[in-house]
Protein chains: 2
Amino acid sequence: MTQGSAASVPAGRSMRADARRNRDRILAAAETAVAEHGAEASLEEIARHAGVGSATLHRHFPSRQALLEAVFHDRVEILCAKARDLAASPDPGSALVTWLRAVGAHAASNRGLAASLMRGARDGDSTLGTTCHTMIIDSGGELLTRARQAHAVRPDVAIADLLKLVNAISLAAEQETAGAAETDRLLTLALDGVRPQGVPVTGPARTRGGGSRNT
Amino acid sequence: MTQGSAASVPAGRSMRADARRNRDRILAAAETAVAEHGAEASLEEIARHAGVGSATLHRHFPSRQALLEAVFHDRVEILCAKARDLAASPDPGSALVTWLRAVGAHAASNRGLAASLMRGARDGDSTLGTTCHTMIIDSGGELLTRARQAHAVRPDVAIADLLKLVNAISLAAEQETAGAAETDRLLTLALDGVRPQGVPVTGPARTRGGGSRNT
DNA sequence: TTGCAAAACGGGGTGGTCCTCCATATCGTA
DNA sequence: TACGATATGGAGGACCACCCCGTTTTGCAA
């Protein structure tokens with residue numbers, strides 16, 4: 001079911017039993033390795049730990065990116081589902097923020113996720129399937145559109161901007177020894193700049209006057 | 001003395017002529033290589049291109065980080081000098097923002113700078129000299145303190161937060177094929193959250209509201 | 001100028017990475 | 001059961017960071 005995940009290989013239903021078994025083993029090993037060493041984990045070691053040859057790993061996942069996407073596919077789907085839920089929220093502004101923070105939280109607790117989400121169809125290797133990047137972009141785009149219609153965000157902000165922001169922060173926090181709490185703090189900080197005129201997300205509409213006037 | 005840059009090696013006054021010559025060559029080659037391939041440039045190739053053996057490179061710069069710091073040392077100093085200038089500004093709030101954007105601009109136009117600034121004394125290898133990280137933190141801290149005294153920034157924001165934000169964005173923009181303009185746009189967006197009028201997303205209870213008497 | 005010890009050098013080795021070929025083993029089916 | 005398609009993994013090539021150690025260069029002092 002869910003394992004239609006295959007983001008890299010013919011990988012359809014017609015997969016030999018042993019192939020699927022190895023694929024799952026690789027994925028499990030990769031999950032562990034990535035959690036421990038981040039997105040730069042050694043592929044060789046993943047293969048070793050999965051008990052398969054390196055060639056097998058490469059056949060299943062032609063690129064590191066493909067492997068990462070498979071590893072994170074389920075998590076990304078959870079985020080997309082969450083976006084769908086939130087799209088029905090009566091408060092599109094805070095729905096968007098809630099979702100972005102959820103993305104940040106996931107990225108913070110899954111080393112490498114941020115990096116994976118960042119790299120989109122960049123290298124043109126995406127033709128094989130929907131990448132994490134586009135999945136997330138699509139899901140978030142919906143939320144942003146609604147938030148914009150509700151005038152809860154600046155009109156000049158794109159979903160790509162927001163996700164880049166979220167991922168950038170997660171990535172940065174990942175490199176340092178910062179906890180999830182700090183990541184969220186930074187994120188909150190950054191997201192405050194997204195509202196138009198400083199309309200508080202959670203509270204009554206407060207106008208942020210001249211804005212720069214103070215400084 | 002500017003070239004006291006040596007962030008990695010005894011590197012003092014008593015340096016043999018050939019050693020200094022090689023050091024400079026390596027630095028020049030590294031500058032080119034990093035500009036072209038980013039912070040992950042091959043050290044071997046840098047040594048080759050500099051016309052020295054790889055051992056020599058490693059003697060002068062025991063780690064990649066040490067090399068990067070030496071490469072960016074001058075640029076970081078420029079930023080620190082700018083911070084000193086801006087510290088005298090009558091408008092501490094915009095001085096801080098101006099400086100942060102300058103940091104962002106530098107990071108955007110120097111591949112690897114952001115990553116270099118990010119990694120602080122992290123690995124404990126810093127005992128050899130003042131790292132880019134701490135130099136920048138110190139310089140920016142001054143600006144932030146003044147801005148805070150002028151109530152131009154939230155009191156709960158640390159300079160490390162702000163720099164992390166700036167660097168995160170630069171890093172993200174660096175990975176994608178984004179131009180400097182986009183980087184600045186994202187940065188401006190994020191920095192808007194720093195001004196005190198904004199109500200924190202998470203803390204509705206927080207009554208800093210008094211500050212915005214306007215409108 | 002010459003001699004010499006200390007300093008710097010760099011070739012080559014070690015052990016690691018990613019990735020590819022192709023002879024072999026395994027699977028699913030007729 | 002037999003066979004062809006499919007999947008496998010070890011060996012090997014190209015690259016990398018980093019280190020050991022015999023050799024060369026330098027600067028100073030006689």
Side-chain angles (χ1 to χ4, degrees), chain A residues 3 6 8-30 33-34 36-71 112 115-116 119 123 125 128, chain B residues 3 6 8-30 33-34 36-71 112 115-116 119 123 125 128:
Chain A
Q3 60 59 261
S8 52
V9 134
R13 38 248 92 275
S14 63
M15 207 176 176
R16 243 169 62 175
D18 54 346
R20 160 147 12 257
R21 185 161 39 80
N22 279 334
R23 188 176 190 282
D24 290 349
R25 279 189 190 170
I26 292 170
L27 235 31
V34 167
E36 189 163 352
H37 302 106
E40 304 299 306
S42 157
L43 300 184
E44 208 82 11
E45 189 169 308
I46 290 173
R48 222 175 298 133
H49 194 269
V52 306
S54 55
T56 298
L57 186 149
H58 280 91
R59 192 172 317 106
H60 281 288
F61 308 98
S63 70
R64 175 184 296 275
Q65 182 59 18
L67 178 57
L68 288 177
E69 286 192 353
V71 167
S116 184
R119 291 185 182 73
D123 299 336
D125 58 13
L128 301 143
Chain B
Q3 59 58 262
S8 53
V9 135
R13 42 252 104 272
S14 61
M15 207 176 177
R16 247 170 58 171
D18 54 344
R20 161 146 315 162
R21 185 161 37 82
N22 278 336
R23 188 176 190 282
D24 290 349
R25 278 189 190 169
I26 291 170
L27 235 31
V34 168
E36 189 164 352
H37 302 106
E40 305 299 308
S42 157
L43 299 184
E44 208 83 10
E45 189 168 308
I46 290 173
R48 222 175 298 133
H49 194 269
V52 306
S54 57
T56 298
L57 186 149
H58 279 90
R59 194 173 314 109
H60 281 289
F61 308 98
S63 71
R64 175 183 297 275
Q65 182 60 16
L67 178 57
L68 288 178
E69 287 192 354
V71 166
S116 184
R119 290 185 183 75
D123 299 337
D125 58 14
L128 302 143

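Order of the sequence lines sets the chain letters (A, B, ...), proteins ahead of strands, with each chain counted from 1.
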Counting only side-chain N and O atoms of [X], is one of them less than 4.0 Å from OP1 or OP2 of [N]?
X: His60(A); N: dT8(D); value: yes
X: Asn22(B); N: dA8(C); value: no
X: Thr56(A); N: dA7(D); value: no

Could you encode protein contacts along nucleotides 25-30 of chain D as a string, one character per nucleotide from 5' to 3', using B for base contact, S for sugar-phosphate-only contact and - for no contact, with a heavy-atom cut-off of under 4.0 Å? BBS---
Between [N] atom [atom2] and [X] atom [atom1], what is the distance in whole Å?
X: Gln65(B); N: dA17(D); atom1: CD; atom2: P; value: 15 Å
X: Ile46(B); N: dC18(D); atom1: CD1; atom2: C1'; value: 14 Å
X: Phe61(A); N: dG9(D); atom1: CZ; atom2: P; value: 14 Å
X: Arg25(B); N: dA8(C); atom1: CZ; atom2: P; value: 16 Å
X: Ile26(A); N: dG9(D); atom1: CD1; atom2: P; value: 9 Å
X: Asp24(B); N: dC9(C); atom1: CG; atom2: P; value: 11 Å
X: His37(B); N: dC16(D); atom1: NE2; atom2: C1'; value: 14 Å
X: Arg20(B); N: dA7(C); atom1: CZ; atom2: C1'; value: 14 Å

Working to the nearest 0.5 Å, report the span between CZ of Arg25(B) and NE2 of His60(B).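 Reported value, rounded in 0.5 Å steps: 11.0 Å.
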Working to the nearest 0.5 angstrom, can you tell me the gap between Arg20(B) CZ and Leu27(B) CG? 11.5 Å
All side-chain contact (heavy atoms from CB on, under 4.5 Å) counterparts of Glu40(A), not counting sequence neighbours: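 Once residues adjacent in sequence are excluded, Glu40(A) has no partner under the side-chain contact (heavy atoms from CB on, under 4.5 Å) criterion.
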Minimum heavy-atom distance between Ile26(B) and Leu57(B), given as atom pair plus value: CD1-CA, 3.7 Å
Tell me, do Arg64(B) and Leu67(B) make a side-chain contact under 4.5 Å, heavy atoms counted?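 Side chain of Arg64(B) against side chain of Leu67(B), heavy atoms only: no contact under 4.5 Å found.
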When you compare the side chain of Arg23(B) with that of Phe61(B), does any pair of heavy atoms fall below 4.5 Å? yes
Using a cutoff of under 3.5 Å, can you pull out all pairs of nitrogen or oxygen atoms linking the protein to nucleotides 17-19 of chain C, with atom names and distances?
from: dT17(C); atom 1: OP1; to: Ser42(A); atom 2: OG; distance (Å): 3.1
from: dT17(C); atom 1: OP2; to: Arg48(A); atom 2: NH2; distance (Å): 3.2
from: dC18(C); atom 1: OP1; to: Leu43(A); atom 2: N; distance (Å): 2.9
from: dC18(C); atom 1: OP1; to: Arg64(A); atom 2: NH2; distance (Å): 2.9
from: dC18(C); atom 1: OP2; to: Ser42(A); atom 2: OG; distance (Å): 3.4
from: dC18(C); atom 1: OP2; to: Leu43(A); atom 2: N; distance (Å): 3.2
from: dC18(C); atom 1: OP2; to: Glu44(A); atom 2: N; distance (Å): 2.8
from: dC19(C); atom 1: OP2; to: His58(A); atom 2: NE2; distance (Å): 3.0
from: dC19(C); atom 1: N4; to: Ser54(A); atom 2: OG; distance (Å): 3.3

Compile the donor-acceptor pairs under 3.5 Å between side chains in residues 42-51 of chain A and protein atoms, sequence neighbours left out, one pair per line.
from: Ser42(A); atom 1: OG; to: Glu44(A); atom 2: N; distance (Å): 3.3
from: Ser42(A); atom 1: OG; to: Glu45(A); atom 2: N; distance (Å): 3.0

